[in-house]
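First the proteins, then the strands, lettered A, B, ... as listed; each starts at 1. Since the model is a prediction, treat every value here as computed from it, not as a measurement.
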2 protein chains.
Amino acid sequence: MLKLTKKADYGLMALKYLAEHPETPALSAKDIADAYGIPAQLLAKILQLLTKSGLLRSHAGMNGGYALSRDAREISAYEVIHAIDGPFFITSCTKGAKSCDLTPSCTIKEPLARVNDTIAGVLRSISIYDLAERETPAGRAVAAQALVTLTL
Amino acid sequence: MLKLTKKADYGLMALKYLAEHPETPALSAKDIADAYGIPAQLLAKILQLLTKSGLLRSHAGMNGGYALSRDAREISAYEVIHAIDGPFFITSCTKGAKSCDLTPSCTIKEPLARVNDTIAGVLRSISIYDLAERETPAGRAVAAQALVTLTL
DNA sequence: CAGTATACGACCGTTTCTGTCCGCGTTTCA
DNA sequence: TGAAACGCGGACAGAAACGGTCGTATACTG
Ligand code: SF4
Ligand code: SF4
């Protein structure tokens with residue numbers, strides 16, 4: 001159920017890693033994969049997806065690799081998940097295309113759609129920068145605070 | 001990815017249906033299944049899970065069936081999901097037991113755990129009663145409003 | 001040119017999800 | 001006293017999603 005895929009998980013890790021190394025012009029998929037123990041070829045494909053979605057900039061050839069295309073603050077977890085796993089839907093009934101065959105009789109469709117939007121909002125309010133928070137040395141310096149209003 | 005299972009989906013529908021019929025002493029699994037077109041045997045097992053978790057009260061025999069064990073306002077979506085799909089975790093690394101094998105090197109574990117709690121909070125703030133909101137006839141009468149604070 | 005890197009698609013084993021079946025215990029009612 | 005209506009529980013099978021690998025083509029560097 002409500003679980004991130006490992007691909008999205010890996011994608012977030014990779015972006016965080018890139019956010020933590022802003023000095024380097026580019027990091028290869030293998031570099032990042034080795035840093036965490038992620039299967040390299042799999043990570044490569046994930047990074048390709050992120051590139052295709054415009055979150056990363058890639059560069060082939062020696063000393064090539066990937067770099068963030070924007071500031072880490074401007075990349076939300078929602079975008080990452082969307083880029084890797086496709087459209088974000090809590091339910092099986094995507095409003096656009098084919099859905100679960102009992103959409104007509106279903107009465108919780110609309111309420112759940114609002115829940116969906118709420119959770120999407122939470123995800124949207126989280127940036128890669130937030131994840132990359134460096135070692136809050138003194139105590140527990142709260143970094144980001146977002147207010148989400150749930151409206152049913 | 002972040003998607004409700006159909007079981008949880010069905011479970012919510014069923015509870016909503018029960019909440020909408022407080023007068024009847026009990027509704028059978030078949031009654032509810034027929035009302036929506038849900039596979040009856042599957043719904044039956046779902047209702048059994050909800051009963052085992054104490055959200056429903058069951059009664060065997062003729063004219064038996066299920067009834068809410070508490071007021072619809074006191075049953076949260078979180079409880080339903082938890083009862084049907086088990087512990088709620090966004091990531092594959094449950095803090096309790098065996099997890100994804102790269103937990104040691106992983107650096108987004110803690111931040112994601114907080115995201116997990118936030119989403120769980122959202123789900124906890126939604127009750128069956130909220131879903132069962134009867135026809136907001138005039139315009140769009142906002143029913144419930146919950147405030148969730150996201151703290152990374 | 002040789003070496004390093006991304007790009008892209010095919011493929012496959014595993015797990016999870018969805019749904020069905022069957023036999024059993026319980027309650028009601030004729 | 002028995003049949004019917006119902007919940008309970010496990011086993012199981014088909015389908016889909018996931019996680020991961022491989023091979024090959026392409027692009028860039030020096
Ligand atoms: S239609 Fe109702 S049942 Fe089918 S997916 Fe959407 S919400 Fe779940
Ligand atoms: S450990 Fe890191 S990678 Fe493994 S599941 Fe938890 S978060 Fe995802």
Interface polar pairs with nucleotides 10-17 of chain D, N/O, under 3.5 angstrom:
unit_1 : atom_1 : unit_2  : atom_2 : d
D/dA11 : N6     : B/Lys45 : NZ     : 2.9

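Listed by chain and number, the residues in a side-chain contact (heavy atoms from CB on, under 4.5 Å) with B/Ala72 are B/Ala19, B/Leu68, B/Ile128, B/Tyr129 (sequence neighbours excluded). Annotation: side-chain contact (heavy atoms from CB on, under 4.5 Å) contacts of B/Lys16 (sequence neighbours excluded): A/Thr107, A/Ile108, B/Glu20, B/Ala132. Evaluation of the ring-ring contact (aromatic ring centres under 6.0 Å, His included) rule for B/His21 yields B/Tyr17 as partners, not counting sequence neighbours. Residues satisfying the side-chain hydrogen bond (donor to acceptor under 3.5 Å, both in side chains) criterion with A/Thr91, sequence neighbours excluded, are absent altogether. Residues satisfying the salt bridge (Lys or Arg N to Asp or Glu O under 4.0 Å) criterion with A/Lys7, sequence neighbours excluded, are absent altogether. By the side-chain hydrogen bond (donor to acceptor under 3.5 Å, both in side chains) test, A/Thr5 is found to be paired with A/Asp85, residues two or more places apart in sequence or in another chain being considered.
Between A/Ser58 and C/dA7, a side-chain N or O to OP1/OP2 separation shorter than 4.0 Å is present.
Distance B/Gln48 CD to D/dG9 P: 6 Å, rounded to the nearest Å. The separation between B/Leu50 atom CG and D/dG7 atom C1' is 14 Å, rounded to whole Å. Between B/Tyr10 atom OH and C/dC17 atom C1' the separation is 11 Å, expressed in whole Å. What separates CG of A/Leu43 from C1' of C/dA5 is a distance of 14 Å, to the nearest Å. As rounded to whole Å, 9 Å separates atom P of C/dA7 from atom CG of A/Leu47. Atom CZ of A/Arg57 and atom C1' of C/dA7 are 18 Å apart (whole Å). Across the protein-nucleic acid pair, A/Leu27 atom CG and C/dT4 atom P stand 18 Å apart, rounded to whole Å. In this structure, the CG atom of A/Asp9 is 13 Å from the C1' atom of D/dC18, given to the nearest Å.
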### Task
Sugar-phosphate means primed atoms, P, OP1 and OP2; the rest is base. With that split, encode nucleotides 25-30 of chain D 5' to 3' as B, S or - using protein heavy atoms under 4.0 Å.
---BS-
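In this structure the side chain of A/Asn116 never reaches within 4.5 angstrom of the side chain of A/Leu112, judged on heavy atoms. With contacts defined as side-chain heavy-atom distances shorter than 4.5 Å, the pair B/Ile32/B/Tyr66 does not qualify.
Residues B/Ala14 and B/Leu47 approach most closely at CB-CD2, 3.9 Å, considering heavy atoms.
Taking a 4.0 Å limit (strictly below) on heavy-atom distances, residues 29-41 of chain B reaches DNA chain D at B/Ala29.
For residues 49-73 of chain A, the salt bridge (Lys or Arg N to Asp or Glu O under 4.0 Å) pairs, not counting sequence neighbours, are A/Arg70-A/Glu79, A/Asp71-A/Arg73. Note on residues 26-48 of chain A: pairs passing salt bridge (Lys or Arg N to Asp or Glu O under 4.0 Å), not counting sequence neighbours, are A/Lys30-A/Asp34.
Nearest-nucleotide positions on DNA chain D place B/Thr51 closer to the 5' end than the other of B/Thr51 and A/Asp85.
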